[in-house]
**Q** 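Provided herewith is a single structure, encoded as structure tokens, for subsequent inquiry.
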Number of protein chains: 2
Amino acid sequence: MPDIADVTMIDLLRAVADPIRLRIVQTLADGLRHGKCGTHWDFGVHKSTMTHHFRILRQAGLTRTVVAGRTHSIELRRDELDARFPGLIDALAATAGVSSPATAHGPAPRSG
Amino acid sequence: MPDIADVTMIDLLRAVADPIRLRIVQTLADGLRHGKCGTHWDFGVHKSTMTHHFRILRQAGLTRTVVAGRTHSIELRRDELDARFPGLIDALAATAGVSSPATAHGPAPRSG
DNA sequence: TTGACGGTATGACGGATGTCCAACAATCTG
DNA sequence: CAGATTGTTGGACATCCGTCATACCGTCAA
């Protein structure tokens with residue numbers, strides 16, 4: 001896990017410029033710890049592929065890994081990232097890329 | 001140039017996840033129009049390589065090209081981008097990735 | 001028309017990237 | 001110990017990406 005001062009914006013952007021990894025970061029943006037278990041992340045890719053993505057995120061300085069027994073969990077390095085790249089995580093976690101744009105008729109927000 | 005509604009966050013992130021293109025976007029963040037002329041952008045790469053990067057940015061929905069005679073200029077689609085991805089351009093344009101992180105103090109706020 | 005300038009289009013090439021597979025390691029359970 | 005669970009490591013492979021070189025096109029100036 002790199003020192004946050006050594007993390008460049010390019011490192012960070014390259015890490016999140018992948019559909020799977022962006023989804024992971026957006027999920028982790030809730031501030032909670034999430035397991036690496038395949039049951040939680042169902043992207044339809046192989047187990048080792050997920051390991052690969054988790055490694056990219058960690059090496060990019062985005063996440064921290066917590067090992068407990070035989071289960072591993074990851075969490076965003078939120079405070080450090082917010083200090084180094086103000087507003088970036090918030091912007092990435094925004095639902096703009098997930099929800100449908102105004103013109104398209106996506107799933108109605110179901111106000112209830 | 002794609003409709004802003006068709007632009008995904010992944011498109012956008014892939015476009016800026018390159019040193020040259022991120023610098024271009026950060027420069028364009030001043031809201032002004034900048035020429036594509038090689039004299040303005042000296043990245044030490046070939047002319048056609050710059051054309052390639054400009055194309056990526058345009059196809060990703062980040063920039064707009066204005067042709068005047070034999071000179072081409074580009075500008076950020078700032079308003080549309082801010083509406084679709086709130087805070088993202090601001091976060092990318094921040095100097096965090098440019099200034100030196102060595103001290104970890106960040107740029108002095110210069111109260112003046 | 002000829003030439004210079006600004007930029008694009010196309011093809012080629014080496015390196016990076018995402019994916020799978022098989023093997024391995026560490027931990028809990030019996 | 002044996003077995004199951006969780007995750008990593010390494011290799012292999014196809015694809016994508018950034019770069020260059022060349023050729024080409026449109027505009028302005030003689």
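Proteins get letters first, then strands, A, B, ... in listed order; numbering begins at 1 in each. Only this structure's heavy atoms are used, side chains among them; waters, hydrogens and symmetry mates stay out.
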**Q** Could you state the atom-to-atom distance from CD1 of I56(B) to P of dT19(D) in whole Å?
**A**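 Taking atom P of dT19(D) as the reference, CD1 of I56(B) is at 11 Å.
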**Q** Taking any heavy-atom pair under 4.0 Å as a contact, classify H52(A): base, sugar-phosphate, or nothing.
**A**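 If one applies the 4.0 Å heavy-atom cut-off, H52(A) turns out to touch a base.
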**Q** Of A17(A) and K47(B), whose closest DNA chain C nucleotide lies nearer the 5' terminus?
**A**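 Final value for this comparison: K47(B).
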**Q** How long is the line joining CG of D18(B) and C1' of dT17(C), in whole Å?
**A**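 It is 14 Å, rounded to the nearest whole Å.
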**Q** OP1 or OP2 of dA16(C) sitting under 4.0 Å from any side-chain N/O of R14(A)?
**A**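 Result: no.
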**Q** Using atom types as modelled and distance alone, determine if a side-chain donor or acceptor of R21(B) lies under 3.5 Å from a backbone N or O of R14(B).
**A**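 A pair under 3.5 Å: yes.
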**Q** Quick one: does any side-chain atom of R84(B) pair with a main-chain N or O of I4(B) as donor and acceptor, under 3.5 Å?
**A**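 Yes, R84(B) side chain to I4(B) backbone: donor-acceptor pair under 3.5 Å.
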**Q** Whole angstroms only, please: what is the CD1-P distance between I74(B) and dG6(C)?
**A**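 Spelled out: CD1 on I74(B) to P on dG6(C) is 16 Å.
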**Q** What's the separation between atom NE2 in H53(B) and atom CD1 in I24(B), rounded to the nearest 0.5 Å?
**A**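 If we round to the nearest 0.5 Å, H53(B):NE2 and I24(B):CD1 are 7.0 Å apart.
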**Q** Could you tell me how far apart Q59(A) (CD) and dT9(D) (P) are, to the nearest whole angstrom?
**A**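 From Q59(A) CD to dT9(D) P: 10 Å.
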**Q** Counting only distance, no hydrogens or angles, is the base of dC21(C) paired donor-acceptor with the side chain of S48(A) under 3.5 Å?
**A**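 Under the 3.5 Å cut-off, the side chain and the base do form a donor-acceptor pair.
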**Q** Please confirm whether the shortest side-chain N or O distance from T51(B) to OP1 or OP2 of dT8(C) is below 4.0 Å.
**A**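 Looking at the OP1 and OP2 atoms of dT8(C), one of them is under 4.0 Å from a side-chain N or O of T51(B).
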**Q** Side-chain contact, heavy-atom cut-off 4.5 Å: I20(B) with V45(B)?
**A**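 Yes, at least one pair of side-chain atoms sits under 4.5 Å.
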**Q** When you check the phosphate oxygens OP1 and OP2 of dT8(C), does a side-chain N or O of K36(B) lie under 4.0 Å from one of them?
**A**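 For K36(B), the contact criterion (side-chain N or O under 4.0 Å from OP1 or OP2 of dT8(C)) is met.
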**Q** Would you kindly give the NE2-to-C1' distance between H53(A) and dG7(D), to the nearest whole Å?
**A**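 It works out to 15 Å between those atoms.
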**Q** From CG of L22(A) over to C1' of dG18(C), roughly how many Å is that when rounded to an integer?
**A**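 Atom CG in L22(A) sits about 16 Å away from atom C1' in dG18(C).
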**Q** For H72(B) and dG26(D), what is the distance between atoms NE2 and C1' respectively, to the nearest whole Å?
**A**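 About 8 Å, once rounded to whole Å.
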**Q** Let me know the distance between NE2 of H46(A) and C1' of dG10(D), rounded to the nearest Å.
**A**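 Whole-Å distance recorded here is 13 Å.
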**Q** DNA chain D: R70(A) or R55(A), which has the more 5' nearest nucleotide?
**A**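 Counting from the 5' end, the first nearest nucleotide belongs to R70(A).
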**Q** If the threshold is 4.0 Å, N to carboxylate O, is there a salt bridge linking D90(A) and R78(A)?
**A**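 Judged by the 4.0 Å cut-off on N to carboxylate O distance, D90(A) and R78(A) do form a salt bridge.
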